[in-house]
Amino acid sequence: DTEVTQTPKHLVMGMTNKKSLKCEQHMGHRAMYWYKQKAKKPPELMFVYSYEKLSINESVPSRFSPECPNSSLLNLHLHALQPEDSALYLCASSDSGTSGGGGADTQYFGPGTRLTVL
Amino acid sequence: AQSVAQPEDQVNVAEGNPLTVKCTYSVSGNPYLFWYVQYPNRGLQFLLKYITGDNLVKGSYGFEAEFNKSQTSFHLKKPSALVSDSALYFCAVRGMDSSYKLIFGSGTRLLVRP
């Protein structure tokens with residue numbers, strides 16, 4: 001089973017709201033990722049967690065706050081977002097966490113959360 | 001710097017005909033190469049990857065890709081296209097010195113007409 005699940009599927013929020021995106025995998029993967037994808041563009045890496053520790057932050061604004069409560073779960077907390085943050089947010093996981101999922105490891109993606117910021 | 005190029009924004013092919021989606025890469029050292037497919041409003045689905053060894057890699061849904069080191073290419077192919085193959089395809093590369101980051105191409109939209 002190579003399933004990564006994400007909730008909610010869709011989210012509409014105002015610029016003053018606080019919301020969270022959730023991601024879960026039960027493949028025993030030790031690296032987990034958040035990506036942002038605009039329409040018809042490739043995914044852009046935001047964060048990488050390796051063994052539940054933040055390994056990479058790709059200079060993401062502080063209004064996005066990741067959290068990894070355990071090895072199966074990854075959250076993305078959202079606060080004071082801007083309309084330009086509207087996008088598809090993808091979670092992924094991969095087997096090796098020793099270096100953030102490197103080498104030949106395959107990243108498996110969830111279906112994404114479609115976020116609209118009004 | 002590592003990079004991936006997908007020179008075609010869109011590829012059009014008739015159902016039953018062979019299809020090719022092109023990808024070239026630039027990376028220091030030996031690359032790890034991946035192909036993903038994305039259907040509308042969905043996440044990326046892994047198709048296949050090249051690590052080492054046989055230059056012809058077989059993947060899901062009848063797709064295959066040919067690694068060509070001299071041309072730094074990794075083109076995706078399928079002998080007989082289906083209408084259901086219509087989607088957005090991404091090539092990605094990770095160099096051996098890049099531990100975590102996948103570098104994605106810009107994507108190629110494949111349209112298979114009946």
Side-chain angles (χ1 to χ4, degrees), chain A residues 2-6 9-10 21 23 25 27 29-51 53-58 87-116, chain B residues 2-6 8-10 21 23 25 27 29-54 57 59-60 65 67 74 86-111:
Chain A
T2 56
E3 187 178 26
V4 176
T5 59
Q6 291 186 243
K9 289 185 178 180
H10 302 276
L21 309 184
C23 172
Q25 58 90 12
M27 295 177 279
H29 289 172
R30 303 316 301 264
M32 297 185 75
Y33 310 74
W34 280 115
Y35 286 86
K36 174 184 178 180
Q37 186 182 26
K38 291 283 200 178
K40 301 181 182 180
K41 298 292 186 182
E44 300 171 24
L45 183 66
M46 300 174 71
F47 303 103
V48 180
Y49 272 82
S50 172
Y51 285 86
K53 295 189 187 308
L54 184 62
S55 177
I56 300 294
N57 177 340
E58 290 284 296
L88 182 67
Y89 287 83
L90 296 166
C91 175
S93 70
S94 65
D95 188 25
S96 173
T98 55
S99 55
D105 297 329
T106 300
Q107 291 184 22
Y108 294 96
F109 287 79
T113 293
R114 173 72 60 189
L115 175 66
T116 302
Chain B
Q2 300 175 129
S3 65
V4 178
Q6 293 182 243
E8 302 156 316
D9 289 335
Q10 183 162 315
V21 182
C23 171
Y25 66 90
V27 65
N30 293 321
Y32 298 119
L33 293 155
F34 302 79
W35 275 103
Y36 286 87
V37 60
Q38 186 174 32
Y39 296 96
N41 297 312
R42 301 295 300 275
L44 277 67
Q45 294 180 29
F46 169 70
L47 283 178
L48 51 81
K49 67 181 178 184
Y50 172 82
I51 304 173
T52 186
D54 194 348
V57 180
S60 305
F67 172 67
F74 189 55
S86 299
L88 185 58
Y89 290 79
F90 290 103
C91 180
V93 67
R94 182 193 290 124
M96 293 184 73
D97 59 348
S98 178
S99 62
Y100 67 92
K101 193 169 182 177
L102 278 179
I103 306 299
F104 285 93
S106 56
T108 298
R109 183 163 302 281
L110 174 66
L111 181 61

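Throughout, protein chains are lettered first and strands after them, A, B, ... in sequence-line order, and every chain is numbered starting at 1.
Ring pair B/Phe67/B/Tyr50 is parallel by interplanar angle, where below 30° counts as parallel and above 60° as perpendicular.
Looking only at side-chain heavy atoms (C-beta outward), A/Ser94 and A/Tyr33 come within less than 4.5 Å of each other. In this structure the side chain of A/Gln107 never reaches within 4.5 angstrom of the side chain of A/Leu90, judged on heavy atoms. Residues A/Glu58 and A/Lys36 fail the side-chain proximity criterion, which asks for heavy atoms closer than 4.5 Å.
Residue contact with chain B, scored on non-hydrogen atoms closer than 4.5 Å, is absent for A/Glu44. For B/Ile51, the part lying near chain A is the side chain, with the backbone staying farther off; criterion is any non-hydrogen pair under 4.5 Å. Neither the backbone nor the side chain of B/Gln45 comes within contact range of chain A; no heavy atom of the residue lies under 4.5 Å from a heavy atom of that chain. At a 4.5 Å heavy-atom cutoff, the contact between B/Asn41 and chain A is made by backbone and side-chain atoms alike. For chain B, the nearby parts of A/Lys40 are the backbone and the side chain; heavy atoms of each come within less than 4.5 Å.
When each of B/Gly107, B/Gly105, B/Ala92 is scored by its heavy-atom pairs under 4.5 Å with chain A, the top score falls to B/Gly105.
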Worksheet entry | Steps toward side chain to side chain donor-acceptor pair (under 3.5 Å) verdict (B/Glu8, B/Thr108) | CA-CA 6 Å; B/Glu8 302 156 316; B/Thr108 298; 5.3 Å; no
